[in-house]
Amino acid sequence: MIPAAFDYAAPESAGAALEALRSHDNAVLLAGGHTLLTALKQRQSRPGLVVDLRNAGLGRLEVDGVGDLVIGARVTQQYLADFCAREGWPVLAEIGEKAGDPMIRARGTFVGALCAAEPGGDWAAGALALGAMVRVLSGEGEKTLDYADYLERKAEPHIVLEASIPAKLRAAPQGYTKVKHAAIGWSVASLAHVETEDGPRLAASGALERPRRLEAVEQVATASKVPDLPAIDDALSALTFTGDRYAPADWRRRRLALLVRDHLHTQSAKEPT
Amino acid sequence: MNAAPFSSTTKVKLTIDGHERSADLEPRDLLVIALREKYGATAPHIGCASGRCGACTVLLDGEPVKACMMLGVQAEGRSITTAAGLAGTRIGAALQAAFKACHGLQCGYCTPGMLAAAHGLLERNPAPSEDEVRQALRGNLCRCTGYQHILDAVLLAAESLREAQAA
Amino acid sequence: MKPENPYAGELAEPEGWVGRAVERLEDERLLTGAGRYVDDITLPGQLYAAFVRSPHPHAVFSQVDTMAASDAPGVHLCLTASDFDDLPHVKPNWILPRSTPRGRPILAKGRVRYVGEPIAVVIAESAAAARDAAELVEVDYDPRPFVLHQDEALGDSAPRVHEDMDNNVAATFTPGNGGFDEAASAAPFRTRFSLRNQRLVPFSIECRAVNADHDPASERMTLHIAHQLPHMARRMVAETIGFPENRLRVISPDVGGGFGPKMHIYQEEAVCALASMRLGRPVKWTERRSENVCNTTHGRDHAMSIDVAADEDGTLRALRIESRANIGAYMSSMGSGIPTINVGLFVMGVYEIPAVEVDIKCLYTHTPPVDAYRGAGRPEASYVIERTIDRVAHELGLDPAEVRRRNFLTEDQIPRRQPTGAMIDSGRYHHTLDEALERAGYERFRREQAEARERGELLGIGIAHYTESCGVGPGQVQKLVGFDRGGYESARVRMTSDGRAIVFSGSHSHGQGHVTTFAQIAADELGISPDRIEVIQGDTESVPQGVGTFNSRSVPVGGSAVKVAAGRVAERIHKLAAHLLQIKPEALIREGEVFGSDASNDTLTFAEVCHAAWTGHNVPADLGVGLEETEFYHPTAMSAPYGAHVAQVRIDGETGELELLRYIAVDDCGKVINPLLARGQVHGGLAQGIGQALWEDGMPEDDGSTILDTPVPRFDMLPRFETAHTVTESWTNPLGAKGLGEAGAIGAPPAIVNAAIDALWHRGVRELDMPLTPARILAALDAAKGHGA
């Protein structure tokens with residue numbers, strides 16, 4: 001419950017925060033803190049320096065000139081969910097009702113959840129289904145990456161300044177189905193979906209080692225509107241499933257396959273024949 | 001507060017239940033530990049190490065947060081309301097009365113956090129459904145009541161607040 | 001403010017205070033954050049303790065290096081086992097005859113036997129400094145083979161937990177009247193099956209805490225402990241560390257939930273006391289959750305096999321139960337009694353069974369010690385018999401409700417001592433079951449279930465007609481079973497000069513609301529309202545020697561003590577008032593607060609009489625000065641509350657997910673003192689029982705560690721409970737009460753598992769073990785494919 005001692009800085013710009021991160025070989029970034037604080041309390045994380053973004057701006061939340069949704073690193077999950085409930089990208093509003101609890105959403109940030117990409121993380125699944133991009137500041141300067149690519153290449157000290165959600169999916173049919181773990185309520189098998197003209201974009205959380213887009217499943221779904229369970233299960237076979245005593249990996253896999261099947265059946269029933 | 005890194009203790013000013021307070025905090029002092037040990041505000045309790053029990057929930061500038069999930073230094077200049085200060089708010093007073101009427105507490109250990117979380121709900125939603133109450137308070141563990149009397153209490157408080165508003 | 005009452009019809013409200021849904025008198029403080037729990041108390045010169053704990057379930061070690069820790073900033077003292085010439089052990093005080101008790105060393109010496117066992121302590125200026133320094137302690141562990149499950153603890157090749165023992169058997173117990181083989185072979189039906197009652201982490205939201213303050217000048221020590229039994233805590237600490245009990249004071253202030261584990265003394269209380277003695281400064285230790293899940297006692301953990309014989313109509317003929325109880329690495333204070341006496345006596349439930357044999361073995365394993373957790377043995381007993389009844393009913397194609405009715409003890413058989421030794425004082429089982437089935441719409445549900453089945457949907461209904469045993473006492477009985485504690489409870493009732501009263505009670509609330517219920521009981525005796533009565537508990541220096549709160553004994557035993565003591569005070573008030581008015585006591589008339597008589601116009605107020613008693617200016621010799629009575633109340637016997645619980649579930653056959661649709665609990669705890677608080681007790685018990693049935697599992701992982709986040713029920717996981725009472729008063733105490741605190745935790749597991757199996761029986765599922773995780777249900781369905789009836 002008592003973290004090991006560390007130094008603390010709250011720089012007044014993202015650039016200064018990056019400098020602080022780079023100046024110390026054991027520095028970590030603090031935004032909403034809902035991943036870091038837990039690790040600090042259990043002394044699983046023992047940073048020498050904690051760099052807090054609270055004075056660094058990055059609070060932007062708006063629809064930009066081209067209609068993309070831009071979400072700064074310090075935008076809390078609740079603020080985002082409320083915004084999306086009014087402005088579009090309804091899957092994010094829905095995740096806002098289903099992720100964590102009100103206190104977690106009040107402090108936890110959307111971008112922080114994307115960076116942590118915890119196995120049971122809800123927001124990362126939504127971001128993957130929506131094709132989110134992230135703007136990253138590192139020693140090499142600023143770069144915009146596809147969020148899915150970002151997850152593949154965790155790099156050098158960096159700061160994700162903001163995430164953006166493409167405008168074209170603002171009003172697309174979308175949603176989030178979540179199966180909760182009994183202990184904490186994190187996801188054990190969840191599915192975010194966005195229906196595009198090119199077919200569904202699906203992303204899963206909970207059952208896998210981290211949230212992932214289900215590309216193989218999307219292909220099966222595009223080929224056959226209502227694939228059967230074995231076909232879906234086959235499309236999941238390349239993924240690595242995790243589990244625990246309450247919800248073992250093989251059950252999570254089955255549960256996810258059922259979520260996919262039920263979702264595709266529901267979608268197919270909605271479409272005019 | 002200075003933007004330069006610091007490791008030693010630093011003076012942190014905040015407002016607790018309407019009173020301006022200051023104390024020397026180490027960077028690693030969690031807000032809940034700072035409140036309890038350094039500011040002497042023992043209403044928020046510690047029940048877990050993982051941020052999952054909600055016993056430490058307080059209002060930070062009116063919004064419920066888990067005081068174990070932020071550092072004390074992050075609260076610099078902000079306003080904290082604990083169960084001790086809730087009686088001074090319209091919603092807090094209604095909740096306290098309703099918890100008593102409905103037997104919404106037993107050992108009382110989770111109660112300060114439960115009240116703060118419920119305060120946050122009624123602030124946002126003056127007429128919650130049963131399910132909305134359950135969802136809003138799912139971050140607060142209670143091992144005594146089975147939650148039903150707490151549910152009754154929050155619904156009753158909401159009703160009495162609406163009646164008072166209408167009158 | 002009156003809540004809209006969804007609870008109408010539970011109980012009628014009486015004239016007096018007892019039986020009324022009075023709002024709690026203790027709530028104000030707790031609602032304003034002014035509760036005072038042990039960790040809230042910081043004393044002048046306060047020091048803090050942090051413990052070094054074993055990461056291994058079994059290891060030997062020769063060195064504990066505390067050099068670096070001792071040199072760390074702010075550190076005052078490091079202690080290990082080698083700092084004690086004669087290392088104290090925390091010994092059990094319920095030691096079953098012929099058992100092999102092994103108590104916990106206050107710090108492990110040369111060998112650790114479970115993950116979390118304390119090895120060293122660091123005392124420092126702050127909790128942070130103590131924790132930092134504790135990390136610097138080095139131990140040269142040599143890990144050894146270990147055994148976690150009772151199934152593996154019995155074999156010859158099993159690693160032994162205590163090297164001075166020939167095997168891991170801590171205790172055995174074999175109640176029953178024998179004759180199983182004969183009766184079973186004569187019966188037309190017989191079946192055998194096994195079940196588990198899994199280990200649970202009790203998880204009070206407040207962890208344990210102690211603040212030990214030894215004053216070198218007076219050689220007195222005060223211990224603030226989060227505890228259910230302050231007087232027993234005093235005795236146990238005194239015994240453990242060899243401190244004079246008359247110079248030891250225990251204060252248990254507000255306690256944030258107990259549920260069993262807070263009625264023992266552990267290593268930390270003893271170590272903090274000894275450290276305070278060495279340092280002459282107060283030493284506080286507040287348990288972290290990560291310590292709570294692995295060093296504070298766990299509950300349950302039985303593996304049972306059942307052999308049962310019956311007639312074709314379901315009439316039970318013979319029952320044999322074999323239970324293997326995992327009691328962990330050491331015998332905790334009640335560790336040998338809970339799995340034996342509290343299980344073995346009650347496995348017959350509310351039924352007449354001609355031949356019963358029970359064989360219970362308690363086994364040491366390399367896991368945290370197991371002891372009482374809400375229900376403490378009776379949940380295990382009720383689970384096995386209530387599951388057995390359903391098993392018999394399903395196999396014979398009979399209605400489980402009907403099979404219960406055919407086997408119930410009838411009113412003319414009660415009071416009764418069952419062949420296992422259980423005492424049943426009162427019961428109208430048909431009446432209570434009918435009430436529960438009526439409320440549950442049992443027949444209608446059965447029709448809906450049949451229709452749903454046609455559509456391929458899985459609905460199930462389960463009944464548990466539990467009984468249990470509350471209000472431990474009288475002491476003579478406890479002696480027979482090696483339970484070295486009192487079977488009484490104390491109460492002292494004192495009037496003050498202003499006509500108010502103080503009730504001192506040896507019971508101790510950790511949420512139950514004694515301040516209110518005991519005030520109600522005293523109020524009826526004294527004829528004043530409860531808000532004029534102050535209830536004092538939790539301080540060994542002001543409260544007469546008491547036993548404390550466990551086993552749902554506070555109302556039947558502690559409440560009876562209050563009633564008796566307050567009754568005697570009322571009698572003295574009456575006599576004194578008559579004396580002061582110079583009339584015969586029989587002529588005295590009381591109207592509200594005023595005493596008078598038909599003989600004259602002279603009157604005295606209630607307060608004036610109290611005032612006169614304490615000035616002592618005019619008191620008769622046979623009454624003496626003051627108005628105060630102390631009662632050490634011994635119940636005639638323990639009482640056997642019971643109830644009929646009904647659960648309705650829906651199971652998704654594809655996912656294995658179970659939805660608890662309704663839960664109906666009709667409990668019979670005899671006289672209900674406060675229906676509002678009684679309902680709260682039932683709700684809380686149900687939540688824990690449902691938690692056990694559906695989610696919770698405290699069994700350590702394969703490496704012996706215990707997970708931090710045991711899935712205790714959250715707000716969005718439980719349905720609304722439907723509760724009611726039947727009232728069959730007990731003759732074992734003057735209140736007619738039977739205890740209710742544990743009822744929900746006892747009834748819910750069998751009701752829910754019975755409902756789940758009821759939903760799946762036709763699909764070929766015969767057994768499901770708790771917790772009923774979706775994965776487990778699905779696995780059972782998969783395994784049963786093709787075996788459906």
Side-chain angles (χ1 to χ4, degrees), chain B residues 26 28-29 33 36-37 41-50 52-53 55 82-87 95-103 105-112 115 130-131 133-153 155-156 159-160, chain C residues 1-4 6 23-24 26-37 39-40 42 126-128 202-207 254-259 286 288-290 509-513 676-677 679-688 708-709 712-718 720-721 744:
Chain B
E26 275 188 79
R28 64 164 154 176
D29 287 332
I33 289 180
R36 293 178 54 78
E37 307 283 336
T42 57
H45 296 140
I46 296 172
C48 71
S50 53
R52 282 150 191 161
C53 82
T82 73
L86 276 182
L95 281 166
Q96 285 167 335
F99 268 60
K100 187 168 158 71
C102 298
H103 187 30
L105 67 158
Q106 289 183 27
C107 81
Y109 197 78
C110 74
T111 309
L115 288 168
E130 285 205 13
D131 188 55
V133 175
R134 289 187 186 276
Q135 294 303 326
L137 299 182
R138 69 173 312 285
N140 298 75
L141 282 179
C142 169
R143 194 63 160 159
C144 290
T145 63
Y147 302 107
Q148 186 161 319
H149 282 167
I150 300 177
L151 176 65
D152 294 341
L155 294 171
L156 174 65
E159 192 187 324
S160 68
Chain C
M1 180 159 41
K2 273 280 158 200
E4 201 175 306
E23 290 178 10
R24 292 211 312 182
E26 53 266 72
D27 283 351
E28 211 78 11
R29 285 182 313 111
L30 302 174
L31 284 164
T32 52
R36 193 170 159 83
Y37 303 86
D39 189 56
D40 298 337
T42 300
S126 69
F203 210 95
S204 57
I205 306 297
E206 181 203 32
C207 293
D254 288 319
V255 178
F259 315 121
T286 304
R288 289 174 290 140
R289 182 59 66 188
S290 58
S509 175
H510 36 288
Q512 294 87 343
L676 182 63
L677 274 57
R679 195 192 309 127
Q681 288 299 306
V682 173
H683 287 176
L686 289 177
Q688 289 178 354
L708 193 58
D709 291 302
V712 301
R714 287 182 178 272
F715 217 125
D716 57 339
M717 291 158 70
L718 297 168
R720 261 194 182 276
F721 311 123

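Chain identifiers are assigned alphabetically (A, B, ...) following the order of the sequence lines, protein sequences preceding nucleic acid strands; residue numbering begins at 1 within each chain.
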Chemist: Quick one: which of C/Ala687, C/Ser509, C/Gly744, C/Gly684 has the most heavy-atom pairs under 4.5 Å with chain B, could you say?
Modeler: C/Gly684

Chemist: Report the option among B/Thr111, B/Leu115, B/Leu141 that has the most heavy-atom pairs separated by less than 4.5 Å from atoms of chain C.
Modeler: B/Leu141

Chemist: Main chain of C/Phe721, side chain of B/Gln148: is a donor-acceptor contact present, judged purely on distance under 3.5 Å?
Modeler: yes

Chemist: Which bit of B/Leu155 is near chain C, if near means a heavy-atom gap under 4.5 Å: side chain, backbone, both or neither?
Modeler: side chain

Chemist: Give the member of C/Gly685, C/Ala127, C/Ala128, C/Ser126 that has the highest number of heavy-atom pairs under 4.5 Å with chain B.
Modeler: C/Ala128

Chemist: Within the structure provided, determine whether C/Glu206 and B/His45 are in side-chain contact (heavy-atom separation under 4.5 Å).
Modeler: no

Chemist: Between C/Phe259 and B/Cys144, is any pair of side-chain heavy atoms under 4.5 Å apart?
Modeler: yes

Chemist: Give, as side chain, backbone, both or neither, the part of C/Asp40 having an atom under 4.5 angstrom from any heavy atom of chain B.
Modeler: both

Chemist: Would you say B/Gln106's side chain and C/Gln512's backbone share a donor-acceptor pair under 3.5 angstrom?
Modeler: no

Chemist: Do B/His149 and C/Arg679 touch side chain to side chain, with heavy atoms closer than 4.5 Å?
Modeler: yes

Chemist: Quick one: side-chain hydrogen bond (donor to acceptor under 3.5 Å, both in side chains) partners of B/Glu130, sequence neighbours excluded?
Modeler: C/Arg720

Chemist: Between the main-chain N or O of C/Ile205 and the side-chain N or O of B/Arg143, is there a donor-acceptor pair closer than 3.5 Å?
Modeler: no

Chemist: Counting heavy-atom pairs under 4.5 Å with chain C, which one of B/Thr145, B/Leu105, B/Val133, B/Ile33 comes out on top?
Modeler: B/Leu105

Chemist: So what's closer than 4.5 Å to chain B heavy atoms on C/Val255: side chain, backbone, both or neither?
Modeler: backbone

Chemist: Under the rule for side-chain hydrogen bond (donor to acceptor under 3.5 Å, both in side chains), what residues qualify as partners of C/Asp39, not counting sequence neighbours?
Modeler: B/Arg36, C/Thr286

Chemist: If you compare all heavy atoms of C/Leu30 against all heavy atoms of B/Cys107, which two are closest, and at what distance to 0.1 Å?
Modeler: CD1-O, 4.0 Å

Chemist: Check for a donor-acceptor pair, side chain of C/Arg289 on one end and backbone N or O of B/Gly47 on the other, with a separation under 3.5 Å.
Modeler: yes

Chemist: For C/Arg29, look at atom CZ and say whether over 12 heavy atoms of other residues, nucleotides or ligands are found less than 6.0 Å away.
Modeler: yes

Chemist: Would you check if C/Phe715 and B/Ile150 make a side-chain contact, meaning some heavy-atom pair closer than 4.5 Å?
Modeler: yes

Chemist: Verify, without hydrogens or angle tests, whether B/Tyr147 (side chain) and C/Pro713 (backbone) share a donor-acceptor contact under 3.5 angstrom.
Modeler: yes

Chemist: Which region of C/Gln681, side chain (C-beta onward) or backbone (N, CA, C, O), has a non-hydrogen atom less than 4.5 Å from a non-hydrogen atom of chain B, or is it both or neither?
Modeler: both

Chemist: Are the side chain of B/Lys100 and the backbone N or O of C/Glu23 linked by a donor-acceptor pair below 3.5 Å?
Modeler: no

Chemist: Most heavy-atom pairs under 4.5 angstrom with chain B, which of C/Leu686, C/Leu677, C/Asp254?
Modeler: C/Leu677

Chemist: Look only at the side chain of B/Gln135 and the backbone of C/Asp716, and say whether a donor-acceptor pair between them is shorter than 3.5 Å.
Modeler: no

Chemist: Pick one of side chain, backbone, both or neither for B/Leu86, based on which atoms fall under 4.5 Å of a heavy atom in chain C.
Modeler: neither

